Amino acid sequence: MDIRTKSVHTGVNKDSSFNSVITPIYPTSTFYFEAIGKNKGFDYTRSGNPTRQALEQNIAAIEGGVGCSVTATGMAAITAVMFYLKPGDHIVTGDDIYGGTYRLFNAVLRPMGFDFSFINMRDHKAVKEAIGPKTKMIWIETPSNPLLNIIDIESITKLAKSKNCLTVVDNTFLSPYFQAPLEFGVDIVVHSTTKYINGHSDVVGGAIIYANQQLEERGRYLVNALGVSEAPYDAWLVLRGVKTLTYRMEAHQANALKVAQFLEGHKNVKKVYYPGLKSHPQQALIKKQMKGFGGMLSFELNTKKVDLNAFYKKLKYFALAESLGGVESLIESPWFMSHVSMGEAGLKASGITPETVRVSVGIEAAEDLIEDLGQALKG
Ligand SMILES: *Cc1c(COP(=O)(O)O)cnc(C)c1O
């Protein structure tokens, strides 16, 4: 079955009471038993709920996993995955990962005794050297946020397997439509479904997708034990959103490419980061592991020519906001907003500057977006 069909049909036809075409919301905390030990597969909503299960089946299918747990937020998914480990374990990850992930790793888990190496994961040798006897997990985010650096999923996963480390990929930026990490041997994929999978900026959520049953069993146990599963109402909204994921991704990508090309040719823009541009330095890797370029791009604004706040103020269609992946275009400064928790040293090390502008390109008409950016870039 094609992913466009899976995203519409998997987990969806569930109502045998009244034949509703759409999966009902089951807003119940608990389920009654017909006798001791006899129920219809659900007993308590923290552990399981039919609406949530429908979404889990859908996301497992489109990501190509054996199963999925959906969680209250993307960070809830990431938190649950870190509980596969214990204090004393060492994790290797990138130096330009999502700011909230960095905060959880560096400011919450590190003081609890977890050890992290934040490195440039494009450098295979650096990854190899960072792995020691206590390393238990390699955490990959690709393309990275906000600079769209690409990390070689297959070669790092091979290396991790030879060292008995779990590999986890945060696949939020490309969505299952443009990247399938499990095909490269990855153990676990996580998503912030807040972004492209839901796609309408009206709910927060997360997902954990498992490569095998053993991982799934432990993952489900953890999500229930930690109490981070997604509410049925929220799961229902995400299930509505995911059905149009594939078509939205095509539209995001077509627009992002046009916007990136426009920005690259503008005199007040110093540099554009977008995997769909020929100027992106990692062409071979992009071709090997990505099925598309996605809808995120960043650029360096010449703030000597264009005042940053005036630029944001002039924009009509790009709301100055964190987050990404919704149908409407958003714009922001990672240095001052989304990535602040990295601290100045961390920001500098990863190549983010006060002039870096991140854009989540929406599905509006590309001509309108370009016209809007053009008038704001005049300075
Ligand atoms: C937003 C985001 C998260 C966190 O997800 P929330 O739903 O905001 O908790 C994690 N990783 C990436 C790449 C993200 O963009």
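Owing to the predicted nature of the structure, the values given are computational and were not obtained by experimental measurement. Both counts, for ligands and for their atoms, begin at 1 and track the order of listing.
- Closer than 4.0 angstrom to ligand 1 by heavy atom are Thr73, Gly74, Met75, Ile78, Tyr98, Glu141, Asp170, Thr172, Ser192, Thr194, Lys195, Gly205, Leu324, sorted by chain and number.
- Under the 4.5 Å side-chain heavy-atom criterion for ILVMFWY residues, no single connected hydrophobic cluster contains both Val204 and Val70.
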Could you list the donor-acceptor pairs under 3.5 angstrom formed between side-chain atoms of residues 341-353 and any protein atom two or more places apart in sequence or on another chain?
| residue | atom | partner | partner atom | Å |
| --- | --- | --- | --- | --- |
| Ser341 | OG | Gly99 | O | 3.2 |
| Glu344 | OE2 | Lys348 | NZ | 3.3 |
| Ser350 | OG | Leu347 | O | 3.1 |
| Thr353 | OG1 | Glu300 | OE1 | 2.7 |
| Thr353 | OG1 | Glu355 | N | 2.9 |
| Thr353 | OG1 | Thr356 | N | 3.3 |
| Thr353 | OG1 | Thr356 | OG1 | 3.2 |

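- For the pair His280 and Ile286, the minimum side-chain heavy-atom distance is below 4.5 Å.
- Ring centroid separation for the pair His252 and Tyr196 comes in under the 6.0 Å cut-off.
- Partners of Lys125 according to the salt bridge (Lys or Arg N to Asp or Glu O under 4.0 Å) rule, which considers only residues two or more places apart in sequence or in another chain, are Glu129.
- The salt bridge (Lys or Arg N to Asp or Glu O under 4.0 Å) check on Asp89 picks up Lys86, Lys136, with sequence neighbours excluded.
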